[in-house]
Colleague: 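This structure is in structure tokens; I'll ask about it shortly.
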Amino acid sequence: MSTGQISIFDRVIQGRQRRTRVWLGILAALVVILVTGMAITLMLGQSFTPPQDVLRVLMGENVPGASFTVEHLRLPRAVLSVLVGMSFGLGGVAFQVMLRNPLASPDIIGVSSGASAAAVFAIVVLQLDGAAVSVFSVVAGLGVALLVYGLSHKNGVAGTRLILIGIGISAMIESSIAYILSRAPAWDLQEAMRWLTGSVNAAQLDQAWPVLVSLLLFGGVLLSRGRDLDTLRMGDDAAAALGVRVTLTRVMVMVCAVSMIAIATAVTGPIAFVSFLSGPIAARIVGPNGSILIPSALIGACLVLIGDYIGQFLLPSRYPVGVITGALGAPYLIYLIISVNRRGGSL
């Protein structure tokens, strides 16, 4: 082997090592931001709890004046925010990468709307609550995703066709939600609107278990398919030529992503634009240095955790986290539509 060939090989290896170091550095920075946000959430609220007291509570001690506040109010809220944010972030970016379009988010194509409509119907019409509402929400989210996928499947699934069909179905579902709410009694209307806004108010640690299980199960499958997803970004034909089973991968990714998002939505309601924002933010931070799946999950967790804290304590009035993320996501959606239209680009 010639010196020139060795030099090229060494440069390739060095480039990969550099990209890996950058990716790990970004991951470490996001973890630090998330842990810092968790610490602030547990210590600061309407009152200040010293860090040593927070640690004692987390280790199981009974600390007068701190145990109830930290263990029953702040900790469940923080844990649920992180788990739900990870679910939205990872599920959303899986859709976007699979379809090579940042607009292909469950927020946009009707999955969240389907879960919301089922929950509103269960609350207002069937007078259900708790786990029954969650089951309705999950089943409807999966059903809408399969409907959109089926209607858009013609000689394969084109991302643009799927997005347009999803937007149309989402508009129909939103109209049905508005109709149900217009006929709802005052008490049911209040409960439905609280759920539709997207909130971690009154969070309980028991609510975190189904989200954690779905994140480990479905999120694990998505991460195991990370290489296939990255290959799909080059196009279906190129992915198939490289050995990716395109149809099977799409179905697996869709089922896992929708299940994860639907379960999270069933617990907190549709927290607006977290699935939509996490992927593009991660793509701009990570660049060409590696996969954006895990960074998107961490960014989603940060968005929900920090957004909830802002809505609770940093504004003149208290707002659910869905209001804060919606205020961030709406202008970014307009910007993204304009930029995608100009360059016809992908995530």
Side-chain angles (χ1 to χ4, degrees), residues 84 87-88 91-92 95 103-152 161-202 258 261-277 304 307-308 311 317-334 336-337:
V84 166
S87 297
F88 284 137
F95 263 95
L103 296 176
S105 162
D107 288 334
I108 307 299
I109 65 174
V111 174
S112 298
S113 297
S116 301
V120 170
F121 181 81
I123 293 170
V124 174
V125 178
L126 302 180
Q127 301 292 305
L128 301 176
D129 57 13
V133 175
S134 299
V135 171
F136 266 78
S137 179
V138 172
V139 171
L142 284 168
V144 170
L146 291 173
L147 176 62
V148 172
Y149 185 86
L151 292 176
S152 62
R161 184 165 62 238
L162 185 142
I163 292 168
L164 292 175
I165 290 174
I167 290 173
I169 290 178
S170 180
M172 295 170 58
I173 294 173
E174 293 292 344
S175 298
S176 69
I177 292 174
Y179 174 77
I180 294 173
L181 292 178
S182 71
R183 313 281 294 183
W187 172 255
D188 290 337
L189 177 62
Q190 182 180 0
E191 175 64 17
M193 289 303 297
R194 185 199 66 79
W195 193 92
L196 282 172
T197 304
S199 171
V200 290
N201 292 341
V258 170
I261 288 172
I263 289 171
T265 301
V267 174
T268 63
I271 300 178
F273 290 120
V274 176
S275 342
F276 171 67
L277 287 171
V304 177
D308 181 57
S317 299
R318 292 193 171 189
Y319 297 98
V321 61
V323 173
I324 306 301
T325 57
L328 293 173
Y332 187 76
L333 173 60
I334 297 172
L336 194 58
I337 290 173

Colleague: Please output the side-chain donor-acceptor pairs of residues 265-275 that fall under 3.5 Å, not counting sequence neighbours, one pair per line with the distance.
Modeller:
from : atom 1 : to   : atom 2 : distance (Å)
T265 : OG1    : I261 : O      : 2.8
T268 : OG1    : A264 : O      : 3.3

Colleague: Shortest non-hydrogen contact from S152 to V148?
Modeller: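 Looking at all heavy atoms of both residues, the closest pair is OG-O, 2.9 Å.
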Colleague: Let me check something: any side-chain donor-acceptor pairs from residues 114-128 under 3.5 Å, sequence neighbours excluded? List them with distances.
Modeller:
from : atom 1 : to   : atom 2 : distance (Å)
S116 : OG     : S112 : O      : 2.8
Q127 : NE2    : V124 : O      : 2.8
Q127 : NE2    : D188 : OD2    : 2.8

Colleague: Could you pull out the closest heavy-atom pair between L277 and T325, with the gap in Å?
Modeller: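 Of all heavy-atom pairs spanning L277 and T325, the closest is CD1-O, 4.4 Å.
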Colleague: Atom OH of residue position Y319 - does it have more than 12 heavy atoms of other residues, nucleotides or ligands inside 6.0 Å?
Modeller: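 No - once you tally the heavy atoms of other residues, nucleotides and ligands closer than 6.0 Å, there are 12 at most.
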Colleague: Among I263, V144, V138, L142, which residue meets the side-chain contact (heavy atoms from CB on, under 4.5 Å) test with V258?
Modeller: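 Between V258 and the candidates, side-chain contact (heavy atoms from CB on, under 4.5 Å) is satisfied uniquely by L142.
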Colleague: Pairs of donor and acceptor atoms involving the side chains of residues 162-178, under 3.5 Å and at least two apart or interchain, shall be tabulated with distances.
Modeller:
from : atom 1 : to   : atom 2 : distance (Å)
S170 : OG     : S113 : OG     : 3.1
E174 : OE2    : S113 : OG     : 2.9
S175 : OG     : A171 : O      : 3.0
S176 : OG     : I173 : O      : 2.5

